[in-house]
Amino acid sequence: MSLLSDIGVLIGQIILGWLEVFARLFVSPARKDVTGRIILITGAGHGFGRMMAHRFAKLGAKLVLWDVNKEGNEQTAREAKEFGATVFTYTVDCSKREDIYETGEKVKKDVGQVYMLINNAGVLAGRTLLELTDEQIQRTMDVNVMAHFWTIRSFLPDMLDSNAGHIVTICSTAGKLGGHRLIDYCASKHAVLGLHDALHNEIRHLHRKTGIKMTIVYPYFTNTGIMHNPSVRFGKMMDQEPVSDQIVDAILREKADVYIPADWRFNCLVRDLVPQRVYEAMQDFFKVEIPTQPDKEK
């Protein structure tokens, strides 16, 4: 009877899940209010980090901005303050665990309990596996992956205690599909996808907390300054302004995941459905070319 009962619950949840998906095609969930909420953004010195800071500032959030580039971070802060936001800035090297832990304690003392953690900081070397130095590979993994562990470990305990919070992972379509001259970057984004998914399971299944929301974002090539001059047969690099609008909207509507553009959900799904030869032929047809890139922060 227990098995039959569990099967009934499973079927019911499947039906409800699909009904929710169809309902959202016509009616989007309401955007939540973040007025006065403490939102921490890593990699806030430019790119998505800066754009998100602007948008959350307009919504009345209290911002905590982290970046290794002090000048860029302070520029973001000045711009956010023009929208009336309260802003705290910290110069943090996200490749260093102790720097993250120490700054995390300062934030809790200076500002208060972080409600939303947006793990956005990242680097991209843009070289082939054999061209990459050991140091570049290590830095990519430290900033793009390990920093997520250290920031989450810093702020998750308070979220669990209050059963409230929101963890956002800025991933990439590179976390779903591999690309040449992106080996270290793709590996790092695959890793944070696994981290995010497993953490969601732990929070829901082991901690039994329903008030902590999680959102993972998969943007395609976007002109944030981290990547230069990629070429593709169809389409071009997206502008960071509209992409940032979509990211913030997805966060406020507490979406579990968002692909930008939306049709990349299907493209990523196809990778697991077609034979390897078909996938390779599709890669050749779309002619994605990524030249050697400088090593920069997001």
Side-chain angles (χ1 to χ4, degrees), residues 42-43 46-49 68 94-95 119-148 169-197 216-240 242-244 246-247 257-298:
T42 68
H46 69 289
F48 286 145
V68 70
C94 284
S95 70
N119 274 314
N120 167 72
V123 294
L124 185 152
R127 291 167 175 79
T128 67
L129 178 61
L130 298 182
E131 291 171 340
L132 286 164
T133 65
D134 292 350
E135 291 74 20
Q136 286 174 322
I137 294 170
Q138 187 66 61
R139 180 164 177 75
T140 297
M141 301 308 290
D142 285 342
V143 176
N144 294 10
V145 184
M146 301 311 299
H148 290 237
T169 300
I170 304 300
C171 191
S172 168
T173 52
K176 295 280 191 171
L177 305 172
H180 59 272
R181 292 197 178 93
L182 293 175
I183 285 182
D184 57 332
Y185 188 76
C186 289
S188 70
K189 294 302 184 179
H190 275 69
V192 296
L193 165 57
L195 187 163
H196 184 97
D197 195 40
I216 188 166
V217 184
Y218 302 103
Y220 188 56
F221 295 147
T222 307
N223 187 20
T224 62
I226 193 175
M227 182 181 291
H228 295 268
N229 303 318
S231 64
V232 60
R233 192 171 204 169
F234 302 103
K236 58 182 180 180
M237 288 188 78
M238 299 182 293
D239 184 74
Q240 61 182 350
V243 174
S244 299
Q246 292 182 63
I247 293 173
D257 59 18
V258 56
Y259 289 77
I260 306 172
D263 58 7
W264 267 90
R265 183 184 297 274
F266 173 76
N267 295 342
C268 293
L269 177 63
V270 167
R271 172 65 183 91
D272 294 328
L273 297 178
V274 301
Q276 181 68 20
R277 177 172 292 187
V278 174
Y279 176 62
E280 291 169 357
M282 293 170 65
Q283 286 181 312
D284 294 341
F285 176 77
F286 287 106
K287 297 184 183 298
V288 177
E289 293 296 335
I290 301 161
T292 299
Q293 304 290 308
D295 184 14
K296 286 188 174 182
E297 298 283 342
K298 270 185 185 173

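The figures here come from the full heavy-atom set of this structure, side chains too, leaving out hydrogens, waters and symmetry mates. Quick caveat: nothing in here was measured; it's all calculated off a predicted structure.
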Identify the two heavy atoms, one from [X] and one from [Y], that lie closest to each other, and give their separation to 0.1 Å.
X: V243; Y: D239; value: CG2-O, 3.3 Å
X: S188; Y: M141; value: CB-SD, 3.9 Å
X: C94; Y: A147; value: O-CB, 3.2 Å
X: T222; Y: M237; value: O-CE, 3.1 Å
X: G122; Y: V143; value: CA-CG1, 3.7 Å
X: G179; Y: C186; value: N-SG, 3.6 Å

Is N120 reaching over with its side chain to a backbone N or O of T42, donor-acceptor style, under 3.5 angstrom?
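A pair under 3.5 Å: yes.
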For K189, is there any backbone N or O sitting under 3.5 Å from a side-chain donor or acceptor partner on K176?
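Here the side-chain-to-backbone pair does not exist.
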Identified side chain to side chain donor-acceptor pair (under 3.5 Å) partner of H196 from the options N119, T169, D257
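The option that passes is T169.
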What residues form a side chain to side chain contact (heavy atoms under 4.5 Å, CB included) with E280, not counting sequence neighbours?
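Listed in chain order: Q276, Q283.
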Classify the side-chain pair D142/Q138 by whether it contains a donor and acceptor separated by less than 3.5 Å.
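Short answer, yes.
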Please enumerate all residues that pass side chain to side chain donor-acceptor pair (under 3.5 Å) together with H148, with sequence neighbours excluded.
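H148: no side chain to side chain donor-acceptor pair (under 3.5 Å) contacts found.
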Interatomic spacing from [atom1] in [X] to [atom2] in [Y] - rounded to 0.5 Å:
X: D284; Y: M282; atom1: CG; atom2: CE; value: 11.0 Å
X: I170; Y: F48; atom1: CD1; atom2: CZ; value: 7.5 Å
X: I183; Y: I137; atom1: CD1; atom2: CD1; value: 8.5 Å
X: C171; Y: L195; atom1: SG; atom2: CG; value: 10.5 Å
X: R181; Y: E131; atom1: CZ; atom2: CD; value: 6.0 Å
X: T140; Y: M146; atom1: OG1; atom2: CE; value: 13.5 Å

Whether D184 and R139 form a salt bridge (side-chain N of Lys/Arg under 4.0 Å from carboxylate O of Asp/Glu) is what I want to check.
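D184 and R139: not salt-bridged.
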Kindly indicate, with the supporting measurements, whether the criterion side-chain contact (heavy atoms from CB on, under 4.5 Å) is fulfilled by N267 and T173.
CA-CA 10 Å; N267 295 342; T173 52; over 6 Å; no
Side-chain heavy-atom pair R127, T133 within 4.5 angstrom cut-off:
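The answer is no, as the side chains (C-beta and beyond) never meet within the 4.5 Å cut-off.
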Measure the shortest side-chain to side-chain distance between V192 and N144 over non-hydrogen atoms and say whether it is less than 4.5 angstrom.
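No, too far: nothing below the 4.5 Å cut-off.
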Counterpart residues, ring-ring contact (aromatic ring centres under 6.0 Å, His included), relative to Y259 (two or more places apart)
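Here the qualifying residues are Y218.
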Chi angles and distances behind the side-chain contact (heavy atoms from CB on, under 4.5 Å) call for Y279, L177
CA-CA 11 Å; Y279 176 62; L177 305 172; 3.9 Å; yes
